[in-house]
Each structure stands twice: as structure tokens, then as C-alpha cells.
Amino acid sequence: MRYWLFKSEPETFSIDDLRARRNQIEHWDGVRNYQARNMLRDEVKAGDQVLFYHSNCKPPGIVGVAEVVKEGYPDFTAWNPESSYYDPRSTKEKPQWFMVDIKFVEKFPQIISLDDLKQNSKLHEMLILRKGNRLSVTPVTAAEFKTILKMV
DNA sequence: GCCAACGTTGGC
DNA sequence: GCCAACGTTGGC
């Protein structure tokens, strides 16, 4: 089993939105970056654990955990001209973009803020803390995941 | 709202 | 295949 960190702007889709979904499951659509796409398509597997990160808000940070329940399949929002994620280069024959389904596991009683993460010496290697890192899907090590759960 | 850091696009 | 211009991300 592997561990990941998924970023989302809470204004767009928050952990509360995930919890409110039917069966508490939602597809993780709209990823339009090739590196992140490759991970969603090839590496993220059912059963993997996901740290749910709120970005572009005050404060940014990890707000809970989700679990992958369905692995990489074509992101159908790319086929919908009405969608803001529409991409005419992606077709049903040759899908360009992929997504996974995740299920709500828990919401932390309080956010583990970006600042908290920076303070923790065990997390200095975390990709999310690297300068300039903008990937919305990043791998997390088992040790990092464990450390973060202890910070709750 | 600013702006640094990136990724993507497209002319050449 | 280079690289300038442009768009986006996301912390501050």
C-alpha cells in the first residue's frame, strides 16, 4: 500500500464536500498536469491512503484522510464541452486525462497547517514543503504518513 | 492582490 | 529543439 497527498482548494472541493457525497465517494477529476496524470493513471492503487490537503486558503494544510477506492480511469470531464476541465485533445478512444475515486476516511479535529508541517523535523523531505512545488498529487512515504497522523 | 516558480505553447 | 511569452498555482 502507498500513501499520497492530494491538494484541493476548499472553495472548489473540500473534505466536507467529500464527506457529504453519497457513500462519501467522489472522483478526483480535473487534474491537468502530466506528471500528476501519470501518477493517477499508473501508480495510485485501490486501498492507498490519501492525505487531503487544502490549498489557497487560510491556513493551508492537511485536513484529513481519504482512501482510494477506484484506480486510474479516464477523466470524463475532459470530454464535456460544458466543463471548465474540457480538453478537446482527449477522446474516448485516446483519453488524455485520468482520475481515481476516493472515499472519505476521517476529518482531523483541527487542521495540520503548512506551518505545523514545516516545524516538524521529520517532514523536511516532504515534497509539499519543497519550494516551488505545485503538483496536486504527490507521493508520501509511510514514515511521513505515520508522523502526520501522530500530529493530529 | 502580489509575485515567484513552474508548465505549456507556438514561432522560428 | 530552442526559448520568449503567457497562463496557472499557491503561499504570503
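A, B, ... follow the sequence lines: proteins, then strands. Residue 1 opens every chain.
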Is there a side-chain contact between A:Y34 and the phosphate of B:dC6, meaning an N or O under 4.0 Å from OP1 or OP2? no
Once you round it to whole Å, what is the distance between P of B:dC6 and CD1 of A:I128? 13 Å
Which of these nucleotides, C:dG11, B:dT9, C:dT8, is closest to any side-chain atom of A:R89? B:dT9
Between C1' on C:dC12 and CG on A:L129, what's the gap in Å once rounded to a whole number? 16 Å
Nearest-nucleotide wise, let me know which of A:R32 and A:G132 is further upstream toward the 5' end of DNA chain B. A:G132
Of the options B:dG7, C:dG11, B:dA5, whose atoms approach the side-chain atoms of A:K131 most closely? B:dA5
Tell me whether A:K70 forms a cation-pi arrangement with A:Y73, defined as NZ or CZ under 6.0 Å from the six-membered ring centre and within 45 degrees of its axis. yes
Grab the CG-P distance between A:N33 and C:dG7 for me, whole Å please. 18 Å
Angle class for the A:F6/A:W28 ring planes (parallel below 30°, perpendicular above 60°, tilted otherwise)? tilted
Atom CG of A:N133 and atom C1' of B:dC6: how far apart are they, to the nearest Å? 10 Å
A:K58 NZ - B:dG1 P separation (whole Å): 12 Å
Less than 4.0 angstrom between a side-chain N/O of A:K7 and OP1 or OP2 of C:dT9, yes or no? no
Atom-to-atom span, CG of A:L5 to P of C:dG10 - whole angstrom: 11 Å
A:K45 NZ: over 12 foreign heavy atoms closer than 6.0 Å: yes
With a 4.5 Å cut-off on side-chain heavy atoms, are A:M99 and A:F76 touching? yes
Roughly how many Å is it from CZ in A:R130 to P in C:dG11, rounded to a whole number? 16 Å
What is the distance from CG of A:N56 to C1' of C:dC12, rounded to the nearest Å? 11 Å
